[in-house]
There are 2 protein chains.
Amino acid sequence: MSQGVEWALHCTVTLAGQPEGATLLGRDLALYHGVSEAYLLKHLQALVRAGLLESLPGRAGGYRLARPAAEISVLDVVTAIEGVGPSFRCSEIRRRQPGATTEAAAYRRPCPINATMLAAESAWRDVLSGRTIADLLLEIHRRADFDSLVRGAEWLSTRTRN
Amino acid sequence: MSQGVEWALHCTVTLAGQPEGATLLGRDLALYHGVSEAYLLKHLQALVRAGLLESLPGRAGGYRLARPAAEISVLDVVTAIEGVGPSFRCSEIRRRQPGATTEAAAYRRPCPINATMLAAESAWRDVLSGRTIADLLLEIHRRADFDSLVRGAEWLSTRTRN
DNA sequence: GGAGTGATACTCGGATATCTGGTGTCCGAGTTTTCGCGG
DNA sequence: CCGCGAAAACTCGGACACCAGATATCCGAGTATCACTCC
């Protein structure tokens with residue numbers, strides 16, 4: 001799985017902790033998390049395309065959530081980065097084995113191997129779609145070291161726009 | 001996810017359908033599934049290293065299951081090919097954000113983001129570990145086209161060894 | 001002083017290099033078979 | 001005819017190229033700001 005997923009999730013949670021309507025620069029998000037700015041922009045771009053973030057262009061630009069954090073699931077962020085397709089892709093090799101029939105009707109049901117893998121991915125998705133960014137933000141506020149949290153919030157507050 | 005996982009699963013199921021103790025050549029497994037022989041060997045090798053298959057060297061060589069199909073889970077095969085590590089890897093970027101404490105005690109708990117991803121992967125693993133190769137073989141025998149099944153079995157029977 | 005206007009500075013967006021891991025292939029190590037030879 | 005032995009044939013195992021996708025980066029499109037000018 002791409003490293004960008006982690007960055008995207010942290011950035012989304014960070015933006016969720018900002019005041020309503022406020023924006024943060026991609027540059028500051030990169031600085032805050034200690035990652036490459038140019039590369040992070042590429043991932044933020046993907047989040048914008050997926051409709052999770054809003055980007056304001058121009059000099060007073062920045063990023064902010066496109067909808068409430070409680071309505072953005074972790075799965076939304078993951079699929080925005082990784083793509084929507086299943087990671088396991090069945091190439092239907094059963095049709096190539098000797099003696100296999102050519103009738104399409106025999107292959108309407110997915111082969112059990114594929115079905116199993118898809119079921120596993122479905123379970124994976126269920127967990128991720130059951131957790132929202134708002135949940136993560138709340139959890140972090142509860143679990144994190146208090147002083148670190150305050151200092152981080154202070155650092156961000158000096159960069160918040162609007 | 002690697003294409004080799006699909007090949008490995010099909011080969012393992014195929015071997016599970018063979019008589020007790022009988023072997024099949026890697027070459028025949030490749031022919032049967034219509035895939036590259038040399039590349040398939042690479043994956044079979046991984047299954048042997050993982051202790052799922054047994055390989056007999058020499059002229060009378062071949063592959064067979066190292067233990068009963070009912071004791072080989074789908075997860076075993078997948079991890080043999082893909083590796084045991086989680087696909088999501090947390091780089092602990094929370095420690096790099098401004099104002100973060102350096103005390104290790106604050107980071108004993110995994111960050112909620114990582115915890116969520118790990119929980120999802122755990123659910124994924126649970127599904128795969130709950131399904132055995134024997135289950136898949138039974139399911140295939142039930143669902144597959146009967147004639148194709150018979151012809152496939154005949155083709156294999158001429159190549160079975162021992 | 002206020003409004004209009006052009007230049008400017010700054011931000012995001014897509015197009016462009018680089019590199020790691022999956023994909024694909026090959027030849028050598030090792031074992032069984034087989035053929036030949038001798039008893 | 002039977003036992004023995006060496007050579008051969010065949011199989012798996014690990015080492016070696018190749019390529020797609022992730023990684024990393026840069027420059028251009030677009031907009032709010034700002035300074036300057038004019039009324």
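Lettering of chains follows the sequences in order, A, B, ..., and the numbering in each one begins at 1. Since the model is a prediction, treat every value here as computed from it, not as a measurement.
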Along nucleotides 4-12 of chain D, 5' to 3', which nucleotides get a B, which get an S, and which get a -, given that the test is a protein heavy-atom distance under 4.0 Å? ------BSS

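Closest approach of A:Leu44 to A:Gly26, counting heavy atoms only: CD1-CA, 4.1 Å.
Annotation: side chain of A:Lys42 is in contact with side chain of A:Tyr39 (closest heavy-atom distance under 4.5 Å).
B:Arg49 has a side-chain polar atom (N or O) that falls below the 4.0 Å cut-off from OP1 or OP2 of D:dG14.
Residues of residues 73-81 of chain A having a heavy atom closer than 4.0 Å to DNA chain D: none are found. Taken residue by residue, residues 86-96 of chain A places no heavy atom nearer than 4.0 Å to DNA chain C.
For B:Arg64, the side chain to side chain donor-acceptor pair (under 3.5 Å) criterion is met by B:Glu54, not counting sequence neighbours. With sequence neighbours left out, A:Thr14 forms a side chain to side chain contact (heavy atoms under 4.5 Å, CB included) with A:Leu24, A:Leu29, A:Tyr32, A:His33, A:Leu156. Qualifying side chain to side chain donor-acceptor pair (under 3.5 Å) partners for A:Ser91, counting only residues two or more places apart in sequence or in other chains: B:Gln3, B:Glu6. The side chain to side chain donor-acceptor pair (under 3.5 Å) search around B:Glu92 returns B:Arg94, B:Arg95, not counting sequence neighbours.
Residue A:Tyr107 belongs to no hydrophobic cluster, having no ILVMFWY side-chain heavy atom closer than 4.5 Å to its own.
In this structure, B:Leu47 atom CG and D:dG14 atom C1' are separated by 16 Å, rounded to whole Å. When the P atom of D:dA24 is taken as reference, atom CD of A:Gln45 falls 16 Å away, rounded to whole Å.
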Show every donor-acceptor pair shorter than 3.5 Å between a side-chain atom in residues 109-117 of chain A and any protein atom, with sequence neighbours excluded, or say none if there are none.
from: A:Thr116; atom 1: OG1; to: A:Pro112; atom 2: O; distance (Å): 2.8
from: A:Thr116; atom 1: OG1; to: B:Arg131; atom 2: NH1; distance (Å): 3.1

Sequence neighbours left out, cut at 3.5 Å: what donor-acceptor pairs do the side chains of residues 148-155 of chain B make with other protein atoms?
from: B:Ser148; atom 1: OG; to: A:Thr101; atom 2: N; distance (Å): 2.9
from: B:Ser148; atom 1: OG; to: B:Asp145; atom 2: OD2; distance (Å): 2.8
from: B:Arg151; atom 1: NE; to: A:Gly99; atom 2: O; distance (Å): 2.8
from: B:Arg151; atom 1: NH2; to: A:Gly99; atom 2: O; distance (Å): 3.1

Got a list of side-chain donor-acceptor pairs under 3.5 Å for residues 71-81 of chain A, not counting sequence neighbours?
from: A:Ser73; atom 1: OG; to: A:Leu75; atom 2: N; distance (Å): 3.4
from: A:Ser73; atom 1: OG; to: A:Asp76; atom 2: N; distance (Å): 3.1
from: A:Ser73; atom 1: OG; to: A:Asp76; atom 2: OD1; distance (Å): 3.4
from: A:Ser73; atom 1: OG; to: A:Asp76; atom 2: OD2; distance (Å): 3.1
from: A:Asp76; atom 1: OD2; to: A:Arg67; atom 2: NH2; distance (Å): 3.3
from: A:Asp76; atom 1: OD2; to: A:Ser73; atom 2: N; distance (Å): 3.0
from: A:Thr79; atom 1: OG1; to: A:Leu75; atom 2: O; distance (Å): 2.9
from: A:Thr79; atom 1: OG1; to: A:Asp76; atom 2: O; distance (Å): 3.1

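B:Leu25 and B:Tyr63 fall into different hydrophobic clusters, defined by Ile, Leu, Val, Met, Phe, Trp and Tyr side-chain heavy atoms under 4.5 Å apart, directly or through other members.
A side-chain donor-acceptor contact under 3.5 Å links B:Glu121 to the backbone of B:Phe88.
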Might you list the N or O atoms of the protein lying below 3.5 Å from N or O atoms in nucleotides 21-23 of chain D, with each pair's distance?
from: D:dT23; atom 1: OP1; to: A:Gln3; atom 2: N; distance (Å): 3.2
from: D:dT23; atom 1: OP2; to: A:Ser2; atom 2: OG; distance (Å): 2.6
from: D:dT23; atom 1: OP2; to: A:Tyr39; atom 2: OH; distance (Å): 2.8
from: D:dT23; atom 1: O5'; to: A:Tyr39; atom 2: OH; distance (Å): 3.1

Applying side-chain contact (heavy atoms from CB on, under 4.5 Å), run through A:Leu9 and A:Thr12 and close with a yes or a no. CA-CA 5 Å; A:Leu9 282 170; A:Thr12 308; 5.6 Å; no

